[in-house]
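Report on the structure given below.
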Amino acid sequence: MSYKVVHYINQFFANIGGEEMAHVAPELRDGAVGPGTALNAQWKGEAEIVKTIVCGDSYFAEHEKEAKEQVIAWVKAEKPDFFIAGPAFNAGRYGYACANVAIAVQELGIPVLTGMYVENPGADYKDKVMIVSTRDSAAGMRQAAPTMAKLAMKIMKGEKIGASVEEGYMNMGVRVNMFEEERGAKRAVDMLINKLNDKPFVTEYPMPSFDRVAPNKAVKDLSKATIALCTSGGIVPKGNPDHIESSSASHYGEYSIAGVQALDEAGWETAHGGYDPIYANANPNRVLPVDVLRDMEKEGLIGKLHDKFYTTVGNGTAVASAKKFAAEYAQKLVADGVDAVIMTST
Amino acid sequence: MKTLELGYIHIKDIIIGSESKIENGVLYVDEKAVRELILEDENLKDVHFDVAKPGESTRITPVKDVIEPRYKVEGPGGVFPGMINKVEAVGSGKTHVLKDMAVVTAGKIVGFQEGIIDMSGPGADYTPFSKTINLVMVCEPADFLLSKEADATLPIENEKKPEYEKAVRMAGLKLAAYLGELSKDMTPDETETFSTPNLKEGLEMYPDLPRVVYVAMLQTQGLLHDTYVYGVDAKRTLSTMMWPTEIMDGAIVSGNCVSACDKNPTYIHENNPVVHELFKQHGKTLNFVGVIITNENVYLADKQRSSDWAAKLCELLGVDGAIVTQEGFGNPDTDLIMNTKKIELKGVKTTIVTDEYAGQDGKSQSLADADPLADAVVTGGNANQVIILPKMDKVIGMLDYVDVIAGGHAGSLRADGTIEAEIQVITSATNEMGFNKLSAR
Amino acid sequence: MVKEIERAGLPVVHMCTVTPISMTVGANRIVPTIAIPHPLGNPALDAAEEKKLRRGLVEKALKALTTEVEDQTIFED
């Protein structure tokens with residue numbers, strides 16, 4: 001039995017016509033049409049395009065909601081194993097339609113794939129849907145068809161998908177490990193030689209940009225404020241009861257310091273594996289300054305030291321996890337009436 | 001001109017017995033003799049030797065260091081100067097190398113200890129040391145080093161950890177030097193020569209080639225995160241320069257192994273891949289000027305001073321390009337970015353080698369720091385990638401620390417003997433000197 | 001992490017040694033500390049002096065929390 005595939009193409013690739021026919025409404029045809037035959041040829045019977053949906057690019061742009069609903073209805077009726085849109089090469093509205101149709105079908109739980117040129121506006125959706133990178137004109141079909149067919153087959157069979165550069169899709173904002181032909185040192189030397197000679201080179205890791213949050217208002221009156229302590233330095237009760245990992249922590253700890261005047265070696269330690277733990281273990285206040293904040297509380301300098309502190313191990317912990325931990329305990333701090341936070345890091 | 005000839009002696013097998021010699025490519029190790037040599041150190045109570053070969057169902061853990069035995073047959077100084085041999089500038093003359101093998105030190109070490117080497121299976125694809133025949137030395141600490149607390153998570157008493165770390169570090173180097181010396185009177189199977197002209201000679205020889213320096217960042221963050229240069233703890237040094245061949249004689253040795261994937265064992269220093277790749281291009285597409293070593297300290301002022309100094313040396317040398325390699329991750333990402341930015345701002349083009357901590361799902365930001373000037377990056381891969389390591393028939397070392405090593409988590413070691421962990425636990429998996437083919441996109 | 005706390009509406013001061021990372025991750029109030037393994041301490045000092053040092057750093061952090069800032073600010077002194 002071969003896999004059932006539904007294919008989406010525009011009026012041009014269905015041989016209806018060019019720009020002058022871009023207004024045509026969606027139409028459902030049996031079997032493969034135009035580029036679909038090239039895909040079928042690659043699959044050699046292991047998969048087959050059973051239906052082709054044709055839609056004019058202008059129609060899609062002007063009636064996006066209706067067009068998508070119609071496509072979805074037909075796909076639902078067919079229950080295919082896979083959905084392919086395009087490739088759209090550098091046709092802007094076609095690329096936009098391919099990406100959006102593919103995303104809509106993907107939401108049904110059906111795996112999808114599309115393809116287009118990297119500068120196609122539809123490529124802006126590359127984080128949401130897998131897009132094979134193609135050349136900028138239909139002349140690129142000869143390269144695009146095997147790449148798309150092979151990748152689609154891997155997905156249909158549930159095989160492991162390699163990194164973007166290996167499989168030919170656009171990076172989806174996810175880092176995927178892969179083995180290169182050459183070792184890293186050779187790649188670095190080659191890259192430097194290109195850079196020195198003003199020849200093109202491609203970085204393996206493009207630098208990210210960072211978002212910012214505006215600062216909150218300052219604390220007005222410290223003597224009435226509840227101050228909470230948080231740390232990424234991994235301070236935990238001795239024995240690390242919640243087994244917070246020494247690196248790549250999967251959770252955070254919430255511990256009570258009610259009545260604790262200072263952290264001591266007998267009761268507390270660090271679970272952090274990224275720094276020399278001797279100093280923090282000998283005197284955990286060096287990471288989490290409970291002792292001086294207690295003094296300040298007694299002196300009336302601050303209103304109160306919050307009874308609980310929150311702790312994680314920053315070492316090798318993914319930014320997304322750290323973000324999730326902090327977002328979660330920040331809500332607890334707000335709910336507990338905390339006014340300000342001191343975060344310590346190692 | 002500084003010239004070193006390496007003479008390679010290929011080792012096909014290692015046999016532990018009652019005599020030490022190399023014969024027909026077989027390394028025979030006199031167990032009694034090496035045991036006595038290692039146990040000279042009172043910090044060690046006992047030591048065990050074992051051999052692990054490529055393809056075997058064998059797991060070595062926790063790994064502290066990996067060392068390639070070498071012996072200096074000609075020229076000033078001896079291997080591992082300042083550690084094993086007296087301090088004397090090395091890097092010229094002739095040095096013998098026992099190829100295709102390594103000394104691996106393992107056993108109960110110190111803090112959150114590290115490192116898995118699998119000789120077969122999926123884990124073997126990630127560590128370079130599944131391809132070498134390994135003489136494994138498992139060390140046991142003397143009783144007076146042990147923690148008195150019954151419920152201690154880790155065996156060594158806090159204050160004694162530095163002494164024990166040193167004992168195991170020195171034991172590995174001692175054994176490697178001892179084995180290297182066995183090749184003293186041998187004729188190498190093949191030789192390779194590395195020559196570096198001084199600045200003046202280089203300019204005259206290659207007036208039209210771009211001049212390139214290698215900036216090697218050394219992890220220097222404290223216990224189990226240190227590196228030694230001619231016996232000096234590199235955290236107490238200013239950025240400085242070396243002949244590339246000094247490194248081949250073991251002038252830089254490892255004192256670190258935590259998050260074993262991206263710490264440089266001594267073996268990788270000895271075989272520094274960037275040095276070797278630059279030598280391959282030397283006189284062809286570029287002029288390899290030398291090596292700048294710089295540290296990764298825990299004080300911000302040190303980070304600023306060391307990166308200023310590295311950039312200043314690039315400026316002083318008037319180089320056109322620099323390759324910068326990192327060791328470790330987290331706060332050293334800042335040292336990497338500082339170095340890169342400052343060197344680029346001196347008008348020197350850089351490419352950098354690092355690795356990534358992008359989360360198990362690969363969706364997080366890979367480095368703790370970033371700058372647009374770091375526009376040419378080679379990556380050793382995402383260390384957070386999860387791998388399942390099947391049970392091995394034989395374990396050299398011990399598994400009881402798998403749950404606490406960096407990259408492992410509670411339950412990492414499953415009842416059936418398999419280990420689920422990040423590739424972070426695998427020795428040299430995401431090496432940041434570009435020793436491997438692993439990358440990420 | 002500081003950013004998420006800030007996002008929740010609480011003023012937060014980040015006490016850390018590697019202030020460039022703190023700047024990159026977007027902390028708004030930053031107080032530089034001593035060293036990575038002992039941000040709020042110095043094992044070379046005796047216990048009383050060390051606590052005094054720590055108190056000074058925490059005071060600086062509290063001062064940061066009571067100071068209005070418009071942009072990322074490192075409170076050096």
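Per chain, numbering begins at 1; letters A, B, ... match sequence-line order.
- The pair C:K51-A:D295 meets the salt-bridge criterion, with a side-chain N (NZ, NE, NH1 or NH2) lying under 4.0 Å from an Asp/Glu carboxylate O.
- Proximity of A:P289 to C:L57: side-chain heavy atoms (C-beta onward) are nowhere separated by under 4.5 Å.
- Under the 4.5 Å side-chain criterion, counting only non-hydrogen atoms from C-beta, A:D339 is not in contact with C:L65.
- Residue contact with chain A, scored on non-hydrogen atoms closer than 4.5 Å, involves the backbone of C:E70 exclusively.
- Proximity to chain C (any heavy atom under 4.5 Å) is shown, for A:I278, by neither the backbone nor the side chain.
- Using a 4.5 Å heavy-atom threshold, the side chains of A:K217 and C:E68 count as touching.
- Counting only heavy atoms from C-beta outward, the side chains of A:T344 and C:T33 never approach each other to under 4.5 Å.
- Both the backbone and the side chain of A:N285 come within less than 4.5 Å of a heavy atom in chain C.
- Across all their heavy atoms, A:A330 and C:L10 have their closest contact at O-CD1, 4.4 Å.
- Between A:S345 and C:H14 the shortest side-chain heavy-atom distance falls below 4.5 Å.
- Not one N or O on the side chain of C:E6 forms a donor-acceptor pair closer than 3.5 Å with the backbone of A:P215.
- Residue A:K298 qualifies as enclosed at atom NZ: its count of foreign heavy atoms under 6.0 Å is above 12.
- Distance check, rounded to the nearest 0.5 Å: NZ of A:K323 to NZ of C:K3 gives 6.0 Å.
- Among A:A228, A:A340, A:A280, A:S232, the residue making the largest number of heavy-atom pairs under 4.5 Å with chain C is A:A340.
- Annotation: A:K332, atom NZ; neighbour count of heavy atoms from other residues, nucleotides and ligands within 6.0 Å is above 12.
- Side-chain contact between C:I5 and A:Y329: present, with at least one pair of heavy atoms (C-beta onward) separated by less than 4.5 Å.
- Between chain C and the options A:E299, A:Q331, A:K220, the largest number of non-hydrogen pairs under 4.5 Å is found for A:E299.
- A:A322 touches chain C through backbone and side chain together, each having a heavy atom under 4.5 Å away.
- Note that CD of C:E50 is 9.0 Å distant from CG of A:D291, once rounded to the nearest 0.5 Å.
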Verdict with supporting geometry, A:I342 and C:M15, side chain to side chain contact (heavy atoms under 4.5 Å, CB included): CA-CA 7 Å; A:I342 296 175; C:M15 303 189 74; 3.5 Å; yes

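- Within a 6.0 Å sphere centred on NZ of C:K60, heavy atoms belonging to other residues, nucleotides or ligands number more than 12.
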Verdict with reasoning, C:R54 to A:N283, per side chain to side chain contact (heavy atoms under 4.5 Å, CB included): CA-CA 12 Å; C:R54 177 153 56 249; A:N283 181 357; 3.7 Å; yes

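- Contacts of A:T312 with chain C are made by side-chain atoms alone, with heavy-atom separations under 4.5 Å and no backbone atom involved.
- With a 4.5 angstrom heavy-atom cutoff, C:T66 touches chain A via backbone and side-chain atoms both.
- Taking the side chain as every heavy atom from C-beta outward, C:E4 and A:K324 never approach each other to under 4.5 Å.
- Remark: side-chain polar atoms of A:N216 are not paired, donor with acceptor, to backbone N or O of C:V12 under 3.5 angstrom.
- No other option in C:G9, C:P11, C:A47, C:A8 has as many heavy-atom pairs under 4.5 Å with chain A as C:P11.
- Interface remark: of the candidates C:P37, C:S22, C:A64, C:P37 forms the most heavy-atom pairs closer than 4.5 Å to chain A.
- Residues C:N42 and A:R286 are not in side-chain contact: their nearest non-hydrogen atoms beyond the backbone lie 4.5 Å or more apart.
- When each of A:A282, A:A225, A:A327 is checked for heavy-atom pairs under 4.5 Å with chain C, A:A327 comes out on top.
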Side chain to side chain contact (heavy atoms under 4.5 Å, CB included) evaluation trace for C:V58 with A:L293: CA-CA 8 Å; C:V58 174; A:L293 279 159; 3.8 Å; yes

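- Atoms CG and CG, from A:L301 and C:L62 in turn, are 6.5 Å apart once rounded to the nearest 0.5 Å.
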